[in-house]
Protein chains: 2
Amino acid sequence: MPADSRRAEHVADTRDALLEAARALFAERGYTAVGTAEIVTRARVTRGALYHHFRDKADLFRAVMRTVAAELAGRLVEEQTARAEESTAGVWDQLRNGIQTYLGACLDGDFQRIVLVDGPAVLGHAAWDALVEEHGLGLLRDWLRQAVDEGQIDALPVDPLARLLAALIAEASLYIARSTDPATAREETGRTLDRVLLGLRPGVGE
Amino acid sequence: MPADSRRAEHVADTRDALLEAARALFAERGYTAVGTAEIVTRARVTRGALYHHFRDKADLFRAVMRTVAAELAGRLVEEQTARAEESTAGVWDQLRNGIQTYLGACLDGDFQRIVLVDGPAVLGHAAWDALVEEHGLGLLRDWLRQAVDEGQIDALPVDPLARLLAALIAEASLYIARSTDPATAREETGRTLDRVLLGLRPGVGE
DNA sequence: TTTCGGGCATACACGTTGTATGTTGGCTGA
DNA sequence: TCAGCCAACATACAACGTGTATGCCCGAAA
């Protein structure tokens, strides 16, 4: 079974078509409002193909969420490495800029609906946590740990701090996207987020 | 149609029974995993009664979430007024204690599953926001506005700040409840939350 | 007492999910 | 090269769950 045969390409193509169709529909109208019939129609296959590639509808959703989350993670490390080239900035500024980059990435519509809204309800917190852990949360925690180790922010338990900051960013992105005036919402939440981070620098709590 | 007749009592009783049964089941296994047949069996009525009192299953969920959220709001104002009796504390300490009280209230299992996990996915953000606004978020915003007005915390846009803090508290409660060691998780997140708030006091920026 | 409507039970129609079964086309070994 | 075999689908079916239409009953008002 050569992995690069034409047949293998077809297999990967149908799977990709399913993922793409499901992603577009899930992002547009939500998990429960989209039936499998609609998905396979858009992907120009049949339900048989769907249930051949995925155990059930939730399993398809998990795969979709994985790709969406991986996309975000990719954008993050991309910006991160790009910024590392001009690496005159210290850990503090790296973290500060990273948070804002994070916020920008979370503004993606697909990401919000699939990962932030439907994800927890569809997958349950265990599976959801596992996906978030490897796509983004781990990165944020690394930044924070480094910042704490170098004394750039106050000594706080890194694990809960990372979770809380991630939730902050997520909520900020939702607030912006749903605002009637996204421009000022972006400015205000960005500023507030930055101010929260600034407040974590050492020497504040007497 | 006297509102206090025996018949009216029966009507209210069946409605309450439906709310109670739905709440228990939704909290235990989530919205989609629970069918209406199971709900009415537990409430010892029929599906006819359910669809007489509520437009559809989502409408029943909305009513359940409203009661759960109202419960939390009730506990909050209760603690708040109790603390106001001994009101030597200033606005700052009131806010600080209020946040911790908030956190404690969010630890309720029913609240987490129904309001925080299923709520956004089932109701959509518009209906969800409306419910959260009147049960808790409004209160938090009032505290913050007062704290800002009196110069207890730095001048930040109150509206997004309230949203962000609410998300922070919600995530903290989920983190604690799902932790293998809730005691230390509670201590750590409580401390982190308090530290974030402390960082918002004036005189930290530049 | 009769009637009238709210409150609820029953029955049905519909869509949706998951599974079981059938079919096809390419790889593979003799 | 060809027989057979299996992955990759397509099709058909069974089970379930929701929402609605219909019917019944009882309390209240006239």
With sugar-phosphate meaning primed atoms plus P, OP1 and OP2, does [X] contact a base, only sugar-phosphate, or nothing at under 4.0 Å between heavy atoms?
X	result
B:V40	nothing
A:T46	base
B:H53	sugar-phosphate

message: Would you say CD of B:E20 has more than 12 non-hydrogen atoms from neighbouring residues, nucleotides or ligands within 6.0 angstrom?
response: no
Side-chain donor or acceptor of B:E79 paired with backbone N/O of B:T101 under 3.5 Å: no
field: OP1 or OP2 of C:dC8 under 4.0 Å from side-chain N/O of B:T14
entry: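 It does, given that an N or O in the side chain of B:T14 lies less than 4.0 Å from OP1 or OP2 of C:dC8.
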Rounded interatomic separation in angstrom, taking [atom1] from [X] and [atom2] from [N]:
X	N	atom1	atom2	answer
B:K57	D:dG17	NZ	P	9 Å
B:R55	D:dG19	CZ	C1'	12 Å
B:L50	C:dG7	CG	C1'	14 Å
A:D13	D:dA8	CG	P	14 Å
B:D56	D:dT20	CG	P	8 Å
A:L60	C:dT16	CG	P	16 Å
A:D16	D:dC9	CG	C1'	16 Å
A:H10	D:dA10	NE2	P	13 Å

query: Of the nucleotides C:dC8, D:dA10, D:dT18, which one has an atom closest to the side chain of A:A49?
result: D:dA10
message: Counting only side-chain heavy atoms from C-beta out, which of C:dT17, D:dC9, D:dT18 sits nearest to B:T36?
response: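 Shortest atom-to-atom distance from the side chain points to D:dT18.
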Pair B:D142 + B:R145, salt bridge at N-O below 4.0 Å: no
query: Taking it one step at a time, do B:R163 and A:E188 satisfy salt bridge (Lys or Arg N to Asp or Glu O under 4.0 Å)?
result: CA-CA 12 Å; B:R163 298 286 298 251; A:E188 286 182 349; over 6 Å; no
Closest-nucleotide 5' rank along DNA chain D - winner of A:R47 and A:H52: A:H52
task: Determine, step by step, whether B:F54 and B:L18 satisfy the side chain to side chain contact (heavy atoms under 4.5 Å, CB included) criterion, reporting the C-alpha distance in whole Å, the side-chain angles of both residues, the deciding distance to 0.1 Å, and the verdict.
output: CA-CA 10 Å; B:F54 305 96; B:L18 281 167; 4.2 Å; yes
